Number of protein chains: 2
Amino acid sequence: MSQSSPAPVKPRAFETIVRHVEARVLTGELKIGDRLPGERELVTQFGVGRSSVREAMRVLESNGMIASRPGDPRGAVVLSPTAAPLRRLITRLTHSSASSLVDLLIYRMTLESSANSLAATRRSEADLLRLDEALERMRVARLQGQAAFSQADLDFHDVVAQASGHALLQLSAEAVRQSIEQLISARIEESGDDDELMQRTIEHHQEVLTAIRDRDAHLAEHLARSSLFEYYGHLVPVQQREALAALASFGSPPAG
Amino acid sequence: MSQSSPAPVKPRAFETIVRHVEARVLTGELKIGDRLPGERELVTQFGVGRSSVREAMRVLESNGMIASRPGDPRGAVVLSPTAAPLRRLITRLTHSSASSLVDLLIYRMTLESSANSLAATRRSEADLLRLDEALERMRVARLQGQAAFSQADLDFHDVVAQASGHALLQLSAEAVRQSIEQLISARIEESGDDDELMQRTIEHHQEVLTAIRDRDAHLAEHLARSSLFEYYGHLVPVQQREALAALASFGSPPAG
DNA sequence: GGACAGCTACTGGTCAGACCAGTAGAACTT
DNA sequence: AAGTTCTACTGGTCTGACCAGTAGCTGTCC
């Protein structure tokens, strides 16, 4: 449960401006790319001091809603939603935790398996084309080594997430992929190129693409789980692997 | 892909303080409940103006890392991680979107099913006791009406999430539950008490508890999906329901 | 007419200082 | 020991100054 402080009697000066701007963005009155009034105009508009306006700007920037540049006379620009706030929360929760890698992998498996299922249900022909192209880029990247291949692999997953048509899933999955990448990029580079694993990954992703094309949501979801486990499972200490394995094997077709 | 601005040549005055404080929290040097130095001491420590210090404080507050109170001579307090940043992102992404309810339900099903699976793998005896107590509170709340029952139901899910031992899953699930609650609380209250549905929900949760007690991860995961679909599925327009249904039916035991 | 350089009137970034409402904790009283 | 008062701080807000940076206008050259 989130901790609660006593309800404020009246809002602080900067909060009034934050709420106003957030409301205008949420209602679509301010769109991505639009500019806010300059700081001195907001001073006049809200009848507050310029430092209160600047405090509000810092909050909106921190939340990924706007960006400003020194000297730009056009005012701060409204941004599209980003994974940055979630990245920050993930960092806060997993930093230096002994089980952080397995929990990040669990989180990623959770999100990507649903993204795959949704992509199978909601995908368009244009999505399929983008998936084809992304897979082709993986084949090219395979010849360039592990680092390029990892990047192309992340791109493929992102295209799948876009095909899911679920922005929140997409941004969440992006955030956790970036966190995992940062945590283990050194380890992956140390392990050197593993061409066989890259080849199997491409085959897996081809299967995912086929399942999405065939609108087979269950197969797409299952493949996300087994693929992630095969690619990353060896990085998890054996005693921590049970939970990840349980998730990976959920919905497996019966053996035989 | 998050948009990128040109790399800054040097950090802004407030950013130096934000980074310093974040690093000290991440390394454990500053713990939850600890106090930061007061603003005027940070001015001296960092050699910057007090308005720059205050801008840094606004950023740290906005990210849920600290809280301050007017007049408190002890300085800002370090908070435990909260769902607030994710709540804000969810609001940004789903506000006034026509498909926001189904996407929120999908997100919640995604997270809670994994939380159930993890809880089955990682739960302790203390967790089981807390789950027993949470279910008992649901039985009591049933007699008090739908609003009390909904709250007790949310509490039960949160106890399950705690038993998962996965803070990120727990906070994410909490954020999406709160968002759904806010979106449909009026609708639920309008529909009046449905004692039969409340009774079935309790039965479902008893099955979840049994599956967690039996360490049956797959059953626990499956029950989260089917239960959410049964409880909320009717609120989703038929044409949007396919994706949710596909997720709900993943991993279903064969009929018969 | 287009490219380029220079200029200007702004912008955001940072700071110092002032003042006020609010708080913790010490001192005092009962 | 409990309650009240007082004080020296705190955070909240504001004003004004100054500076580096930018967009866009103007003038020149080809």
Side-chain angles (χ1 to χ4, degrees), chain A residues 3-21 24-25 30 32-79, chain B residues 3-21 24-25 30 32-79:
Chain A
Q3 56 273 356
S4 60
S5 47
V9 172
K10 74 178 190 114
R12 298 159 74 181
F14 73 88
E15 285 172 337
T16 304
I17 303 166
V18 169
R19 291 206 179 107
H20 172 91
V21 172
R24 293 185 72 209
V25 170
L30 273 175
I32 292 158
D34 281 355
R35 299 295 182 133
L36 296 181
E39 291 181 0
R40 290 167 181 85
E41 186 175 336
L42 292 168
V43 164
T44 303
Q45 184 180 331
F46 287 92
V48 297
R50 193 173 156 226
S51 54
S52 299
V53 168
R54 289 184 59 79
E55 290 188 11
M57 295 298 107
R58 298 294 84 80
V59 169
L60 294 166
E61 276 177 5
S62 169
N63 297 336
M65 190 165 272
I66 66 167
S68 60
R69 285 167 57 218
D72 188 344
R74 295 168 296 178
V77 65
V78 177
L79 302 178
Chain B
Q3 56 273 359
S4 57
S5 44
V9 171
K10 75 178 190 112
R12 301 160 70 180
F14 73 90
E15 286 172 337
T16 303
I17 303 165
V18 169
R19 290 204 181 105
H20 173 88
V21 172
R24 292 185 73 211
V25 170
L30 273 174
I32 291 158
D34 282 356
R35 298 298 183 131
L36 295 182
E39 291 180 3
R40 291 167 181 83
E41 185 175 337
L42 291 169
V43 164
T44 303
Q45 184 178 332
F46 286 92
V48 298
R50 193 173 157 226
S51 53
S52 299
V53 168
R54 289 183 59 78
E55 291 187 10
M57 294 299 107
R58 295 299 82 80
V59 170
L60 294 165
E61 275 176 7
S62 170
N63 297 336
M65 190 164 273
I66 65 166
S68 60
R69 286 167 56 216
D72 189 344
R74 295 168 294 179
V77 63
V78 177
L79 302 178

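Sequence lines set the chain letters: A, B, ... in the order given, protein chains first and strands last, and positions in each chain run from 1. Small disclaimer: the values here were computed from a predicted structure and weren't measured.
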If a protein heavy atom is under 4.0 Å from the base, mark B; if only from the sugar-phosphate, S; if neither, -; do that for nucleotides 12-24 of chain D going 5' to 3'.
-> BBBB-B---BBS-
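- Rounded to whole Å, the distance from CZ on Phe46(B) to C1' on dT14(C) is 16 Å.
- Applying the ring-ring contact (aromatic ring centres under 6.0 Å, His included) definition to pairs two or more places apart or across chains, none involves residues 49-72 of chain A.
- Contacts of Arg24(B) classified as side chain to side chain donor-acceptor pair (under 3.5 Å), with partners at least two apart in sequence or in another chain: Glu29(B).
- Pairs of residues two or more places apart, or lying in two chains, never qualify as ring-ring contact (aromatic ring centres under 6.0 Å, His included) while including a residue from residues 49-77 of chain A.
- In this structure, the CD atom of Glu41(A) is 13 Å from the P atom of dC10(C), given to the nearest Å.
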Acceptor/donor pairs from residues 43-52 of chain B side chains to any protein atom, 3.5 angstrom cut, sequence neighbours excluded:
| from | atom 1 | to | atom 2 | distance (Å) |
| --- | --- | --- | --- | --- |
| Thr44(B) | OG1 | Arg40(B) | O | 3.3 |
| Arg50(B) | NE | Glu39(B) | OE1 | 2.8 |
| Arg50(B) | NH2 | Glu39(B) | OE1 | 2.8 |

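- A search for side chain to side chain contact (heavy atoms under 4.5 Å, CB included) contacts involving Asp72(A) returns Arg35(A), Arg69(A), Arg74(A), not counting sequence neighbours.
- A straight line from CG of Leu42(B) to P of dG11(D) spans 8 Å, rounded to a whole angstrom.
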